[in-house]
Amino acid sequence: MYNRDLSVAAERKHEFVDDGNIIPAVRSSLRDDLIQPHIDTISAKASDSSQDSSTVVLLLAVSGGSDSVALFYAVNALLRKTNDDLTHQTTTCLNLDSDSDDEVKEFQCELHVAHFNHEQRGDNSDKDEAFVQRLCAERDIPFHNYFWSDEESSSSNVEQCDENAMSSVSFTQDIARKWRQRKLRDLLSDLVLQTNSTKCDTNNRWGAILTAHHGDDSDETILLKLLRGSHLSNLRGIEARSEKFGLTTHLSPSTSCVGYFAKPMLQLRKNDITKFLESNALEWREDKSNATNKYKRNKVRNELIPLMRELAGGEQALQKRFNNIEQQSRAISKDLKERASSYLASMPSQSEFWLPRDEIDIVCEEAFHIWASKVTDRKLQLSYDQINRIKFQVKSYPGRLKWIIDVGGLWRVQRNGSVLTLLHDNECVSETLPWYIVETKAVQFDVNDQEDNDTELFASIPQTLEKSALTIKRVKDVGNVMFLPHWRKGRSPIKIKELLRGQKIPLHLRDETLVLCISTEDSEEIVAVYIHDSDTNNVGKW
């Protein structure tokens with residue numbers, strides 16, 4: 001079936017049998033979805049000469065399966081190498097073959113391949129690795145390999161991953177996917193920034209991680225989102241290019257270089273890819289686990305989609321349905337995001353979510369979803385069911401101005417008056433406001449002498465007190481206990497929430513106010529209260 005000499009010779013001459021237009025489709029996507037948009041983005045900041053001299057690092061993720069091998073051959077078919085007789089250096093360019101004078105026709109690039117040996121299939125995993133390594137060696141392409149066992153034995157790597165997904169290093173599809181993405185981003189950063197090179201100018205370098213997702217994968221994604229209960233505005237498939245992300249290393253913690261995840265085969269079908277490889281006698285590795293229904297995606301691919309294809313009246317009819325769903329979802333998403341952004345911009349503060357005076361409508365729902373994602377740095381992605389629970393609580397109990405709902409992942413939504421805030425159970429108060437104790441024999445200090453931005457506190461505490469008994473907590477943790485401020489010396493203590501009300505602290509912030517306490521087995525005694533001057537930042541004083 002496979003003749004290595006024949007396949008290599010055909011590739012070098014670019015004489016592929018390509019009835020499915022694999023190579024033109026990859027070329028068009030690289031040009032229209034990746035390179036041209038990037039150039040358009042930087043055109044206002046960079047001169048034409050700097051654009052022409054820029055270099056893109058293409059990092060191909062190649063498993064050895066049919067999809068990634070087809071992408072490997074297609075990208076290689078687009079490369080053109082030239083030798084400089086003076087410098088004796090070889091330059092590699094990506095031939096984009098554009099008919100438009102306004103579009104880039106050729107772009108300087110560097111090509112690298114990354115492979116991940118998950119070590120879950122015995123000798124077959126090692127054979128996949130050897131196969132991909134051989135492909136790269138035949139074409140002088142740098143090969144980068146990663147082993148799952150290295151990840152498993154490295155606690156530092158685990159700590160860098162999502163705290164929930166990586167609570168255990170046992171292999172799962174989701175954990176492995178996050179591991180691959182992180183390693184690819186780290187590798188791309190090293191390659192673009194040329195960590196080991198002192199001669200490379202990184203100002204005009206950027207990068208893209210290419211994966212071999214195709215049209216069938218995108219359809220599966222829509223169905224999986226539907227099964228998970230995704231919002232109508234998110235019922236769309238895989239994006240051809242991700243949002244840009246910054247490239248950094250420990251040696252270059254701050255740079256202007258950017259990278260993308262790109263998927264240049266989304267316009268292709270699985271059948272087209274297989275036909276391309278078979279027509280050109282190109283070898284690939286087959287992962288038998290893809291034929292099993294152990295994972296939900298496999299079951300959707302192997303059982304659900306064939307049934308839907310039959311019920312819809314064929315491949316083209318089903319594809320049209322998916323395209324229609326995706327187009328409508330994108331239109332809904334665009335409209336909702338624009339109106340939700342206006343709602344968020346109108347809120348008095350961005351640190352909490354302000355409820356509308358009237359009913360929570362679909363725009364408010366979208367605004368809350370965007371806000372929750374933003375304030376948690378995308379750690380919390382609320383589902384439609386979760387948002388509906390919050391909406392039901394607000395609507396059904398309008399008189400309850402204080403409540404908390406658990407939304408999973410150690411996150412809770414708290415209502416205080418007319419605002420919603422997010423709480424995380426792992427939040428460490430002592431890290432929010434660091435403190436230390438200094439022993440001194442005599443201090444002459446009047447609390448009224450504090451500057452507006454003074455966070456130092458002088459307080460008298462028992463000499464026998466252990467440091468562990470002095471803690472910073474929140475009012476919600478100690479309750480509405482009594483407190484005697486300095487300015488009430490000689491008078492009766494007052495309840496802490498009465499003090500906060502007198503200090504004009506908003507209702508929704510009172511429970512979150514920090515207090516310095518002496519904790520014993522039987523009681524909590526408040527030593528000092530940290531009063532914020534603004535509800536939008538941490539500026540304040542004791």
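- Note that CD of E286 is 7.0 Å distant from CH2 of W284, once rounded to the nearest 0.5 Å.
- Here the closest non-hydrogen pair linking P264 and L71 is CG-CD1, 3.7 Å.
- Not counting sequence neighbours, the partners of S233 by the side chain to side chain contact (heavy atoms under 4.5 Å, CB included) test are H231, I332, S333, L336, E366.
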Requested in this report: Using the side chain to side chain contact (heavy atoms under 4.5 Å, CB included) rule, take V375 and F353 through it: C-alpha gap first, then chi angles, then the decisive distance, then the call.
Outcome: CA-CA 10 Å; V375 297; F353 185 84; over 6 Å; no
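- Taking 4.5 Å as the limit, every side-chain heavy atom of Y295 sits out of range of all side-chain heavy atoms of N290.
- A salt bridge does not link D219 to K270: none of the charged side-chain nitrogens sits closer than 4.0 Å to a carboxylate oxygen.
- In this structure, D186 CG and T249 OG1 are separated by 9.5 Å, a value rounded to the nearest 0.5 Å.
- Listed here is the closest heavy atom pair of S54 and F107: OG-CZ, 3.1 Å.
- Considering all non-hydrogen atoms of both residues, G64 and V69 come closest at O-CG2, 3.4 Å.
- Interatomic distance, CD1 of I238 versus OG1 of T221, reported as 3.5 Å (0.5 Å rounding).
- Residues V62 and H115 have side chains not in contact (no heavy-atom distance under 4.5 Å, counting atoms from C-beta outward).
- Using modelled atom types, one side-chain atom of N480 and one backbone atom of K497 make a donor-acceptor pair closer than 3.5 Å.
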Requested in this report: Check step by step if salt bridge (charged side-chain N to carboxylate O under 4.0 Å, His left out) holds for R285 and E129.
Outcome: CA-CA 10 Å; R285 296 282 300 169; E129 175 195 336; over 6 Å; no
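- With values rounded to the nearest 0.5 angstrom, I209 atom CD1 is found 11.0 Å from L60 atom CG.
- For the pair I526 and L516, the minimum side-chain heavy-atom distance is 4.5 Å or more.
- N298 and N293 form no side-chain donor-acceptor contact under 3.5 Å, judged by distance and modelled atom types alone.
- W371 places a side-chain N or O within 3.5 Å of a backbone atom of Q350 that can act as its donor or acceptor partner.
- Side chains of F368 and L420 form a contact here, defined as non-hydrogen atoms less than 4.5 Å apart.
- A distance-only check finds a donor-acceptor pair linking the side chain of E326 to the backbone of G237 [under 3.5 Å].
- Residues V75 and V26 have side chains in contact (heavy-atom distance under 4.5 Å, counting atoms from C-beta outward).
- The backbone N or O of Y343 lies less than 3.5 Å from a partner atom in the side chain of S346, making a donor-acceptor pair.
- Considering only residues two or more places apart in sequence or on other chains, Y260 meets the ring pair (Phe, Tyr, Trp, His ring centres under 6.0 Å) condition with H38, W206.
- Between D406 and R412, none of the side-chain N atoms (NZ, or NE/NH1/NH2) sits under 4.0 Å from a carboxylate O, so this pair counts as no salt bridge.
- Taking CG of L188 as the reference point, atom CZ of F261 lies at 8.5 Å (rounded to 0.5 Å).
- Checking S349 against E352 by side-chain atom types alone, a donor-acceptor pair falls below 3.5 Å.
- Remark: the Q328 side chain and the N324 side chain contain no N/O donor-acceptor pair separated by less than 3.5 Å.
- With a 4.5 Å cut-off on side-chain heavy atoms, R415 and L355 count as touching.
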Solution key, residues 223-230 side-chain donor-acceptor pairs under 3.5 Å, sequence neighbours excluded:
residue	atom	partner	partner atom	Å
K225	NZ	N234	O	3.3
K225	NZ	N234	OD1	3.3
K225	NZ	R236	O	3.0
S230	OG	K225	O	3.2

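- Residues satisfying the side-chain hydrogen bond (donor to acceptor under 3.5 Å, both in side chains) criterion with D287, sequence neighbours excluded, are R121, S289.
- Side-chain contact between L380 and L422: present, with at least one pair of heavy atoms (C-beta onward) separated by less than 4.5 Å.
- Residues N323 and Q319 have side chains that bring a donor and an acceptor to within less than 3.5 angstrom of each other.
- Smallest separation of non-hydrogen atoms from V407 and V413: CG1-CG2, 3.9 Å.
- Taking CG of L59 as the start and NE2 of H112 as the end, the distance is 8.0 Å to the nearest 0.5 Å.
- For D385 and R389, the salt-bridge test fails: no basic side-chain N is under 4.0 Å from an acidic carboxylate O.
- The backbone N or O of A25 sits nowhere less than 3.5 Å from a side-chain atom of S29 that would complete a donor-acceptor pair.
- For E220, the salt bridge (charged side-chain N to carboxylate O under 4.0 Å, His left out) criterion is met by R297, R301, not counting sequence neighbours.
- Checked against side chain to side chain contact (heavy atoms under 4.5 Å, CB included), Q381 has the following partners two or more places apart in sequence or in another chain: H369, S373, R378.
- Shortest non-hydrogen contact noted between G479 and I496 is O-CG2, 3.7 Å.
- Between the S329 side chain and the I325 main chain, no donor and acceptor come within less than 3.5 Å of each other.
- Listed for the Q393 side chain is no donor-acceptor partner under 3.5 Å among the backbone atoms of I390.
- D361 is linked by a salt bridge (charged side-chain N to carboxylate O under 4.0 Å, His left out) to nothing, counting only residues two or more places apart in sequence or in another chain.
- Residues that satisfy the ring pair (Phe, Tyr, Trp, His ring centres under 6.0 Å) test with F116, not counting sequence neighbours, are Y146, W179.
- The backbone N or O of H118 lies less than 3.5 Å from no partner atom in the side chain of S125, so there is not a single donor-acceptor pair.
- Evaluation of the side chain to side chain contact (heavy atoms under 4.5 Å, CB included) rule for Q503 yields W487, L499, I505, I531 as partners, not counting sequence neighbours.
- A cation-pi contact links R185 to F245, judged by a cut-off of 6.0 Å to the six-membered ring centre and 45° from its axis.
- Between the side chain of S189 and the backbone N or O of L247 there is no donor-acceptor pair closer than 3.5 Å.
- Between D217 and A212 the shortest heavy-atom distance is OD2-O, 4.2 Å.
- For F392, there are no ring pair (Phe, Tyr, Trp, His ring centres under 6.0 Å) partners two or more places apart in sequence or in a different chain.
- Using a 4.0 Å cut-off between a side-chain N of Lys or Arg and a carboxylate O of Asp or Glu, D174 and R177 qualify as a salt bridge.
- For K296, the NZ atom counts as loosely surrounded, since its 6.0 Å shell holds 12 or fewer non-hydrogen atoms of other residues, nucleotides or ligands.
- Residues H214 and R269 form no side-chain contact, since every pair of their non-hydrogen atoms from C-beta on lies 4.5 Å or further apart.
- Scored by the side-chain hydrogen bond (donor to acceptor under 3.5 Å, both in side chains) test, N388 finds no partners at all (sequence neighbours excluded).
- Applying the side-chain hydrogen bond (donor to acceptor under 3.5 Å, both in side chains) test to K374 and every residue at least two apart in sequence or in another chain returns nothing.
- A donor-acceptor contact shorter than 3.5 Å links the side chain of N117 to the backbone of E119.
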